[in-house]
Amino acid sequence: MTQSNDITRPPKEMIDALKEIGAATVAGTLGHMGFRNPHMVGPVAQNRGRSIVGPALTLQFLPQRPDLFNEGEYADPETQLHRHVLYHAQEGDVVVVDARGDMSSGVFGDMMSTYFKGRGGAGIVIDGCMRDRPNVDKLDLPTWLRGWTGNYHVQTSIYPNAVNVPIACGGVTVIPGDIIVADDDGVCVLPVAMAQAVIDEAQKHHEWEEFSRIKLMEGAPLQRYYPLHPDANDEYQAWRKANGIS
């Protein structure tokens, strides 16, 4: 029987707090913390205006090799590893797939996506493609992909090799259970160990940015309000007090 490990999921309150923070703020905050490039290059939003935050279930593809893979081995559907990553899905999970940037293999299609959504999955991120777009679009399941193809997942040059192992997706290392933050800016990977610090810093950032945005809309000097100059701190603190921000 094919077996694979489950992931350790971060606390729900951590996920909920991150839902108030966009991918750009997460990326910028992580950059200042030493994680210079948490943003995936390649997968782009297929459902404009949607955002997700959730722990990563990972699926790794490798190039096909005749001594390691033969499609005839797939006579039993339960040997298909792309199914097994979905078996782990719980509400709010995000499937992240290293499909090697392949543009000719559709990792998941209509039926697999329907199953994943029915399990409560939050979204799918693939450094590669999916198939069955007309039906997948009807599911309103948030996806970040390189594109779409009519081919199935092992039809051309790659095959699924492992579930819930460290992978590279869009040039970023993803460890199973990492937090995925994705929106129209793209997909960012947030290590759980860094998440609380990002939440704390992003909250401060959000507050002074809101104040600065108001001032800039009034035509105030960019030099004073973005980034917020120390000389404007008393003004900022007065604004916080006036708006009941503790």
Side-chain angles (χ1 to χ4, degrees), residues 7-41 43-56 90-94 96 120-123 125 140 142-144 170-175 177-246:
I7 63 172
T8 300
R9 293 169 177 82
K12 183 178 184 299
E13 56 269 22
M14 180 176 285
I15 296 296
D16 290 342
L18 287 164
K19 288 179 179 178
E20 303 300 318
I21 303 170
T25 299
V26 169
T29 305
L30 283 173
H32 292 303
M33 294 170 64
F35 190 164
R36 302 299 295 175
N37 188 17
H39 174 260
M40 294 183 187
V41 176
V44 296
Q46 305 295 307
N47 318 68
R48 296 296 299 271
R50 300 298 301 278
S51 62
I52 59 170
V53 178
Q90 296 183 17
E91 184 174 358
D93 286 351
V94 181
V96 184
V125 177
D140 194 30
T143 55
W144 285 258
V172 183
T173 297
V174 183
I175 305 299
D178 276 349
I179 300 171
I180 301 301
V181 180
D183 56 26
D184 285 345
D185 279 330
V187 183
C188 287
V189 178
L190 174 56
V192 174
M194 303 175 80
Q196 191 57 54
V198 167
I199 292 168
D200 294 343
E201 187 59 34
Q203 183 60 41
K204 299 176 193 175
H205 187 89
H206 172 76
E207 289 173 2
W208 72 254
E209 266 202 350
E210 184 60 28
F211 167 72
S212 294
R213 187 176 291 109
I214 292 169
K215 302 304 293 185
L216 295 174
M217 185 60 74
E218 294 172 352
L222 185 65
Q223 298 93 326
R224 180 176 175 83
Y225 293 105
Y226 191 78
L228 189 65
H229 194 278
D231 289 348
N233 188 60
D234 287 348
E235 189 180 351
Y236 168 54
Q237 294 302 330
W239 173 83
R240 292 179 79 241
K241 184 176 181 180
N243 286 275
I245 301 172
S246 59

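What you see is a predicted model, and the numbers here were worked out from it, not measured in a lab.
- Closest approach of A24 to D185, counting heavy atoms only: CB-OD2, 3.5 Å.
- With contacts defined as side-chain heavy-atom distances shorter than 4.5 Å, the pair P10/I179 qualifies.
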* Would you check, one step at a time, whether the test side chain to side chain contact (heavy atoms under 4.5 Å, CB included) holds for L190 with F35? => CA-CA 9 Å; L190 174 56; F35 190 164; over 6 Å; no
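- Ring geometry for Y236 against F211 counts as tilted: the plane angle lies between 30° and 60°, on a 0 to 90° scale.
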* To do: Would you please test I15 and R9 for side chain to side chain contact (heavy atoms under 4.5 Å, CB included) and show each step?
  => CA-CA 10 Å; I15 296 296; R9 293 169 177 82; over 6 Å; no
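- What you find for W239 and I214 is that their closest heavy atoms are NE1-CD1, 3.8 Å.
- In this structure the side chain of M40 reaches within 4.5 angstrom of the side chain of V125, judged on heavy atoms.
- Between D184 and N47, the closest heavy-atom pair is OD1-O, 4.1 Å.
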Mind listing the side-chain donor-acceptor pairs of residues 216-224 below 3.5 Å, one per line with the distance, residues two or more places apart or on another chain?
from : atom 1 : to   : atom 2 : distance (Å)
E218 : OE1    : K215 : NZ     : 3.4
R224 : NH2    : D231 : O      : 3.4
R224 : NH2    : E235 : OE1    : 3.3

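- Of the possible donor and acceptor atoms, none in the side chain of H39 sits under 3.5 Å from a partner among the backbone N and O of A23.
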* To do: Walk me through it: do T25 and H206 pass the test side chain to side chain contact (heavy atoms under 4.5 Å, CB included)?
  => CA-CA 9 Å; T25 299; H206 172 76; over 6 Å; no
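- The closest donor-acceptor contact from the side chain of R50 to the backbone of D140 lies under 3.5 Å.
- Contact between S212 and Y225 at its shortest, heavy atoms only, is OG-O, 2.6 Å.
- Note: D200 CG to H205 NE2 = 14.5 Å, rounded to the nearest 0.5 Å.
- Not one N or O on the side chain of E201 forms a donor-acceptor pair closer than 3.5 Å with the backbone of I199.
- Within 6.0 Å of CD on E210 lie more than 12 heavy atoms contributed by other residues, nucleotides or ligands.
- Separating the OG1 atom in T29 from the CD atom in Q203 is a distance of 11.5 Å, to the nearest 0.5 Å.
- Ring to ring, Y226 and W208 are close: their centroids are under 6.0 angstrom apart.
- Taking every heavy atom of both residues into account, I52 and G123 meet most closely at CD1-CA, 3.9 Å.
- With hydrogens and angles disregarded, no donor-acceptor distance shorter than 3.5 Å links the side chain of D93 to the backbone of G121.
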* To do: Under the side chain to side chain contact (heavy atoms under 4.5 Å, CB included) rule, what do I21 and V181 come out as? Steps first, then yes or no, please.
  => CA-CA 9 Å; I21 303 170; V181 180; over 6 Å; no
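- To the nearest 0.5 angstrom, D183 atom CG is 8.0 Å from C188 atom SG.
- Closest of all the heavy-atom pairs between D178 and V189 is OD2-CG1, 3.5 Å.
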